[in-house]
Trainee: 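Sending over a structure as structure tokens; questions will come in a sec.
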Amino acid sequence: MSSCHGSIGTAGLAKPPQVAAPQKLVALIGPPNSGKTTLFNRLTGLRQKVANFPGVTVEHHIGRAHLPGRHNVDIIDLPGIYSLNPRSEDEQVTYDVLHGRMPGLRRPDGVILVLDSTSLQRHLPLAAAVLTLRLPTLVVLNMADELRERGGGVDTEALANQLGAPVVLISAATGEGVKSVAQFLTGGIAVPRLVELPVIQDVPACRQWAREVSRSARYTHPAPPVWTQRLDALFLHPLWGPLIFAVVVAAVFQSIFTWARPLMDAVQAAITASGEMLRAALPPGWLQSLAVDGVWSGVGAVVVFLPQILLLFLFISVLEDSGYLARAALIADRTMARVGLQGKSFIPLLSAYACAVPAIMATRTIENRRDRIATILIAPFMTCSARLPVYTLIIAAFIPERPFLGPFLGTRAAALLGLYLLGFLAAIATAKILKSSILKSERAPFVLELPPYRMPTLSSVGLRLLDRALAFLKRAGTVILGISILLWILASVPPADGQPPPIQHSLAGTLGRAIEPLIEPLGFNWKIGIGLITSLAAREVIVGTLGTIYGMDPDHNSAGLQQALQKELTFGGAVALLVFFAFAMQCMSTLAVVRRETGSWKWPAIQFLYMGALAYASAWAVHRLLG
Amino acid sequence: MQLSFKAASRKRQAATLADLPAGSEAVIDRLDLPEDLASRLMELGFIPGHPVAAARNAPGGDPRVFRVEGAEIALRRETARHILIRKN
Ligand SMILES: Nc1nc2c(ncn2[C@@H]2O[C@H](COP(=O)(O)OP(=O)(O)OP(=O)(O)O)[C@@H](O)[C@H]2O)c(=O)[nH]1
């Protein structure tokens, strides 16, 4: 066995570790699902920001841990990896960061290696790879609570001795032992002692080493997770499995509509009331008009949808954290294989229901490049949360609420479900076309680890929601604010007798009229046309735009947006608008991400034209059919 | 008698993970797969000489879920067919 040992052993008995200077930048690394993010949140709380590495779109969070004695340590949360052989993009990123090769980021001064103590032996080879780097390293064995519950155990001191680095057993979820991690960060982590480590490229040798090390550390394997097996017997049942899957999806959509309603009404009331207070506080004139009719109604019209979007993210977070999402990918694999994709495409596609941008980033787990590009190209067809404001508004205005499928599914929820289905079918059909033509390839293998089911923690879900809420509000505060102001200006010039012109004579009106001949066959008038133009930046902007237009249009000033729309659109035109939004590629951020991920403008251009043509043709057909 | 025994033993020799009945165990013999995929699978615990158990199948029978080193990993049958196993 000695031939497979890389570093020479000076594994002397425990000497007091040399005291090192406190680290300033520490990287959190570990296998997927070992609890890195949970620990990261524990250490940094809300003092974190999300960023992207330049060049590659792998999101990383950097946060600051305030430690006793006024030490501050910056912690960076990296993507989950199984090994340090740079094979996938995630592994390449971690490898580059640890070697100080990531542009814009200095080499970390230390590493916190987070391993799942319930599968210690399987994760130890990663420890070998990390210790070989000889960066100051603290080994954290997470999930102590689960290990204990399932009757496993480990002698951390013996393990520390074997690894030459300090080992702490913690539970990031319950907070147990997190203090000792902070203590290590305060005191400074030392460079690991030289111990015998296997050559990391030699997988069997690493396994052998892992087995020996865990034996010396008196590691007892925990009993298999009984609950996971019971739940899988149900969730992967040939009959109940797919049925439960369908019910979960339907329940999510129904509750988005019914539960979000009171919250949205409350937000709406607050926005209206505060808008009126603002109007009263400002002297009449252009400033009042800009603030109330431009900014407040434009931004407010979008902010109203915050509860609904958060509810959707809540469901996705809970499904993901509980471990159900991996089962969903498994159930979906056969169907995905039929259109030439694989189960792993399912997870990005499901996240695309929240937002296409993170979904497109999530495709990097797909090793096969053609599969990956196909997934990227179809992801924006999935009904993202930015479409939700548009759908909700139009459905509420044009479809009366009645029971549809008994008391469980109302007509409005059914219409929404139909739109989700429409986007899904377009995605499937497009995938089929792509995979049998320009992106034809051999079937790529499907390898997926199924994590045990876990109770999602309040703090993890809560932090994620906060993250999303801030991102959404930031967008409302920047892009949508900017567009609202621009639109107000377009609608206010050229002034007639020092007064804003009637909307049809304004610059915005002129623009809308200019494209009216183009969109008239779809059943849209020039006001909707202005909305279509502004929604090229982001879909939900159309709601704010219509808010601004009708907020300023004297005819509709007092009427709600829904009533205003009922006067503007026929039923056929409304359905055509829904279909248009289901298919069209109206999102700058998505196009930018596709450009970055695929490395050229070719794919985003194809995507934009294809989706636009499909949207136009389908909206035209729908309008013709329904009149 | 003799003949059928031989046939059975030959069949056993060529057994693959795809045919391992749910709930039973075997030892991995060889990964007959491209280098990249083989080492990825080895990192996940599919190592020659190590035990493997077939857990359950996805609804519809494919992919299948296998248990290695306490973890559950899903593979399609078309991949599992290239992982040769023997009885322990
Ligand atoms: N029982 C228990 N569950 C935990 C513990 N720490 C984390 N979890 C749960 O384990 C799951 C994965 O945790 P994450 O923090 O998302 O893991 P991660 O390593 O960041 O995962 P990736 O981002 O996929 O690499 C979540 O459902 C957590 O709630 C723990 O100490 N005990």
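Just so we're clear, the structure is a prediction, and the values are computed from it rather than from any experiment. Chain letters run A, B, ... following the sequence lines, proteins first, then strands; residues in each count from 1.
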Trainee: Check whether Arg207(A) reaches the backbone of Glu43(B) with its side chain - one donor and one acceptor, N or O, closer than 3.5 Å.
Mentor: yes
Trainee: May I ask you to name which of Arg327(A), Arg211(A), His123(A), Gln121(A) has the most heavy-atom pairs under 4.5 Å with chain B?
Mentor: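 Heavy-atom pair counts peak at Arg211(A).
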Trainee: At a 4.5 Å cut-off on heavy atoms, which part of Arg150(A) comes close to chain B: side chain, backbone, both, or neither?
Mentor: neither
Trainee: Based on non-hydrogen pairs under 4.5 Å, which of Trp240(A), Tyr82(A), Phe235(A) is most in contact with chain B?
Mentor: Tyr82(A)
Trainee: Which heavy atom of Arg334(A) sits nearest to which heavy atom of Pro59(B), and what is that distance?
Mentor: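 That closest heavy-atom pairing would be CD-O, 4.4 Å.
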Trainee: Are any side-chain N or O atoms of Arg56(B) and backbone N or O atoms of Leu236(A), one a donor and one an acceptor, separated by less than 3.5 Å?
Mentor: no
Trainee: Output the distance between atom CD1 (Ile73(B)) and atom CG (Leu450(A)), rounded to the nearest 0.5 Å.
Mentor: 7.5 Å
Trainee: What distance do Glu72(B) atom CD and Leu448(A) atom CG have between them, rounded to the nearest 0.5 Å?
Mentor: 11.0 Å
Trainee: Can you tell me which of Gly70(B), Ala55(B), Ala58(B) forms the most heavy-atom pairs within a distance under 4.5 Å of chain A?
Mentor: Ala58(B)
Trainee: Can you tell me which of Ile331(A), Leu126(A), Asp232(A) forms the most heavy-atom pairs within a distance under 4.5 Å of chain B?
Mentor: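 If we count pairs closer than 4.5 Å to chain B, Asp232(A) comes out on top.
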Trainee: Contact part of Leu44(B) toward chain A, heavy-atom cut-off under 4.5 Å: side chain, backbone, both or neither?
Mentor: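 It is both, since atoms from each part get that close.
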Trainee: Give, as side chain, backbone, both or neither, the part of His237(A) having an atom under 4.5 angstrom from any heavy atom of chain B.
Mentor: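 Just the backbone, heavy atoms under 4.5 Å.
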Trainee: Of the backbone (N, CA, C, O) and the side chain (C-beta and beyond), which part of Leu41(B) lies under 4.5 Å from a heavy atom of chain A, both, or neither?
Mentor: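 For Leu41(B), side-chain heavy atoms alone lie under 4.5 Å from chain A.
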Trainee: Of the listed residues (Val68(B), Thr79(B), Leu37(B), Asn57(B)), which shares the most heavy-atom pairs with chain A below a 4.5 Å separation?
Mentor: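 Among the listed options, the one with the most contacts to chain A is Leu37(B).
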Trainee: Between Met42(B) and Val203(A), which heavy-atom pair has the shortest distance, and what is it?
Mentor: CB-CG1, 3.6 Å
Trainee: Which atom pair, heavy atoms only, marks the closest approach of Leu341(A) to Arg76(B)?
Mentor: O-NH2, 3.4 Å
Trainee: Sort Ala233(A) into side chain, backbone, both or neither according to what part of it lies under 4.5 angstrom from a heavy atom of chain B.
Mentor: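 Both parts, backbone and side chain.
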Trainee: With side chain to side chain contact (heavy atoms under 4.5 Å, CB included) as the criterion, how do Asp62(B) and Asp333(A) come out once you've worked through the C-alpha distance, each side chain's angles and the decisive distance to 0.1 Å?
Mentor: CA-CA 8 Å; Asp62(B) 196 25; Asp333(A) 183 64; 5.5 Å; no
